[in-house]
Protein chains: 2
Amino acid sequence: MSVQEEKTLPMGLFMDLERSGPIPLYFQVSQRIETAILSGELPAGSRLENEVALGQRLGLSRPTVRRAIQEIVDKGLLVRRRGIGTQVVHGQVTRKVELTSLYDDLTNTHKVPSTHLLALENRVADAKTAERLGVVEGSPTLYIRRVRLADDVPVAVMENWLPEDFIGIAPNDLVIHGLYQVLRSRGVTMRVARQHIGARKSTNEEAVLLEVEKNSALLTMDRTAYDNSGRAVEFGQHCYRPDLYSFEVTLVEK
Amino acid sequence: MSVQEEKTLPMGLFMDLERSGPIPLYFQVSQRIETAILSGELPAGSRLENEVALGQRLGLSRPTVRRAIQEIVDKGLLVRRRGIGTQVVHGQVTRKVELTSLYDDLTNTHKVPSTHLLALENRVADAKTAERLGVVEGSPTLYIRRVRLADDVPVAVMENWLPEDFIGIAPNDLVIHGLYQVLRSRGVTMRVARQHIGARKSTNEEAVLLEVEKNSALLTMDRTAYDNSGRAVEFGQHCYRPDLYSFEVTLVEK
DNA sequence: TTTGGCCAATTGTTAAGACAATATCAGGTC
DNA sequence: GACCTGATATTGTCTTAACAATTGGCCAAA
């Protein structure tokens, strides 16, 4: 049994909270704790100050402090144990999967994204598309097919279907901004997405588009995204070059 | 703009809460709401009773009701909007990815799991293994290699490394019970796991083991799992037959 | 008709307090 | 020394209360 590092760090830099601003207090606190972990100021295995004391020092109630800590527990960076305290999880921390598009992902990793628009047309929904989008079969939908590149190297071939009220999206918007940015600019806020991740061999056409050998292994992802009223706003079938892209998931047991 | 179904269901079956039992009240409530959604009693798009009224009817405080609802929002089944209310998300509901092993997954889908144990031996940690497990390079570790089958069809080849205090696991346990069950029976409770999901071609040996053609596409998953003290307890490299297994992820925007 | 403003409904945030459950640890007893 | 017991520390659950922010609809005014 190895000895745990048990020092309780004082976290001295916890003073100036914006009490009248629009950012919730619990969020301000959770951001600072997270930063302290990422920066190594709170090393792996170290114990966090207990909730009551932390609240007293910050001039906050226990529920507020508790919520701040819970946010980070949900991200997989902290672990709480009743009777013991709250500790920083060991192991290098990694970026979490979020509800973003490939475009956002690439921007975040400082690559230059670009797009080849292969198709942008109206199509009537077949059975599968209709089911995924929650519309009746035969409804008009917008069909998009794109190749996404990062630093001019092809990364993914993406097919998307959107409900009819998005018909009219300009091709140029998709080339410049990425689908999720276009949707956001039209007032849509994505809230929930369900993804299936799998693998298969490439078709010959995909091999050409992605500049890989025929019959290469591709990473595939099917996704349906819903807005804040629960309506399906996008259904997509994507395939990625596995040497350039992979998915990262953090699971936290409740 | 399509008309939303707006009827607020009364949810009449909400009476008998176990107030003295060990199950938290918020959990009892969230379970019932979830059941009501899954069973179709709360159809897609329908509005939930508001938090205050629901609390009054159940004899619960608003924070308790709120927490119950939040649990289901986090699962992606409900969407809340300030000033509006809480609605059931459209679209068919699907099972969520949880912190379980392949063994558990297969058991849940009513397939008969079995195992071929290829290796169970002590190995010194190389650089990568040491980093993932958070031990010093050269430390003794337990190495396990298995083929997992469902209804006698091979589904995955799995390599795992465990810290030295697990050396001594009996081969028979792994064949009968699955790694996560063995760890749980030794008092380990997994709390956090970080996974990378990708794809690649199979090696010739893997193709034989999985009974697929040479150079098939495989779905791969690397995982490091941490227990409730934040210590790494398992590091694994798995590859799956994509025609028999895929990952399902639900993302919820905060 | 359209625009603007006010009002009601609903979720979001914060507080203060109480009790329960669980883990560690020190001490005492056998 | 081994085992039980109680004290202490810490997170988990629940209540009551208040105010803030956002949305949608109604109504009056331009």
Side-chain angles (χ1 to χ4, degrees), chain A residues 1 3-4 6 8 17-31 33 46-74 78-88 187 189 191 227-230 253-254, chain B residues 1 3-4 6 8 17-31 33 46-74 78-88 187 189 191 227-230 253-254:
Chain A
M1 187 72 69
V3 179
Q4 301 260 343
E6 289 281 348
T8 301
L17 290 173
E18 193 79 43
R19 297 196 87 94
S20 53
I23 304 138
L25 293 169
Y26 76 85
F27 190 76
Q28 295 183 44
V29 175
S30 74
Q31 287 269 289
I33 297 177
S46 64
R47 270 182 52 199
L48 208 65
E49 199 173 353
N50 79 67
E51 295 171 355
V52 188
L54 194 51
Q56 225 156 14
R57 217 158 45 66
L58 297 176
L60 294 175
S61 70
R62 193 181 154 208
T64 303
V65 174
R66 203 175 152 66
R67 171 148 187 200
I69 294 175
Q70 190 60 45
E71 295 273 318
I72 309 171
V73 171
D74 290 341
L78 288 176
V79 170
R80 341 172 72 142
R81 276 187 297 169
R82 181 187 292 196
I84 304 296
T86 306
Q87 285 179 307
V88 179
T189 52
R191 285 297 260 283
D227 70 3
N228 56 9
S229 76
E253 188 79 1
K254 294 279 175 72
Chain B
M1 185 71 70
V3 178
Q4 300 261 343
E6 288 280 348
T8 301
L17 290 172
E18 193 78 46
R19 297 195 88 93
S20 54
I23 304 138
L25 292 171
Y26 75 85
F27 190 76
Q28 295 182 45
V29 175
S30 73
Q31 288 268 290
I33 297 176
S46 64
R47 269 182 55 200
L48 209 64
E49 200 174 351
N50 78 67
E51 295 172 353
V52 189
L54 195 51
Q56 224 157 14
R57 221 159 40 69
L58 297 175
L60 294 173
S61 69
R62 191 179 154 209
T64 304
V65 173
R66 203 174 152 68
R67 172 150 186 199
I69 294 175
Q70 191 60 47
E71 295 271 321
I72 308 172
V73 171
D74 291 339
L78 288 177
V79 172
R80 341 173 69 142
R81 275 188 297 169
R82 184 188 293 198
I84 304 295
T86 306
Q87 284 180 307
V88 179
T189 51
R191 284 295 262 283
D227 69 4
N228 56 8
S229 76
E253 187 79 1
K254 294 277 177 71

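First the proteins, then the strands, lettered A, B, ... as listed; each starts at 1. In this text the structure is predicted, and so the values were computed from the model without any measurement.
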Euclidean distance, B:Q70 CD relative to B:S30 OG, rounded to 0.5 Å: 11.0 Å
Is a side-chain donor or acceptor of A:E18 paired with a backbone partner of A:I23 at a separation under 3.5 angstrom? no
Looking at CD of B:Q28 and CG of B:L60, how far apart are the two atoms once the value is rounded to the nearest 0.5 Å? 9.0 Å
Are any of the side-chain heavy atoms of A:E71 and A:Q31 separated by less than 4.5 Å? no
With heavy atoms of chain A within less than 4.0 Å as the criterion, where does contact along DNA chain C begin and end? C:dT13 to C:dT24
Scan nucleotides 7-17 of chain D nucleotide by nucleotide, 5' to 3', and note B when protein non-hydrogen atoms come under 4.0 Å of the base, S if they reach only the sugar-phosphate, - if neither. --BBBBBSBB-
Give the intermediate values and the outcome of side-chain contact (heavy atoms from CB on, under 4.5 Å) for residues A:L78 and A:I69. CA-CA 8 Å; A:L78 288 176; A:I69 294 175; 4.1 Å; yes
Look up atom OG1 in B:T86 and atom CD1 in B:I72, then write down how far apart they are to the nearest 0.5 Å. 10.0 Å
Are any of the side-chain heavy atoms of A:R62 and A:V65 separated by less than 4.5 Å? no
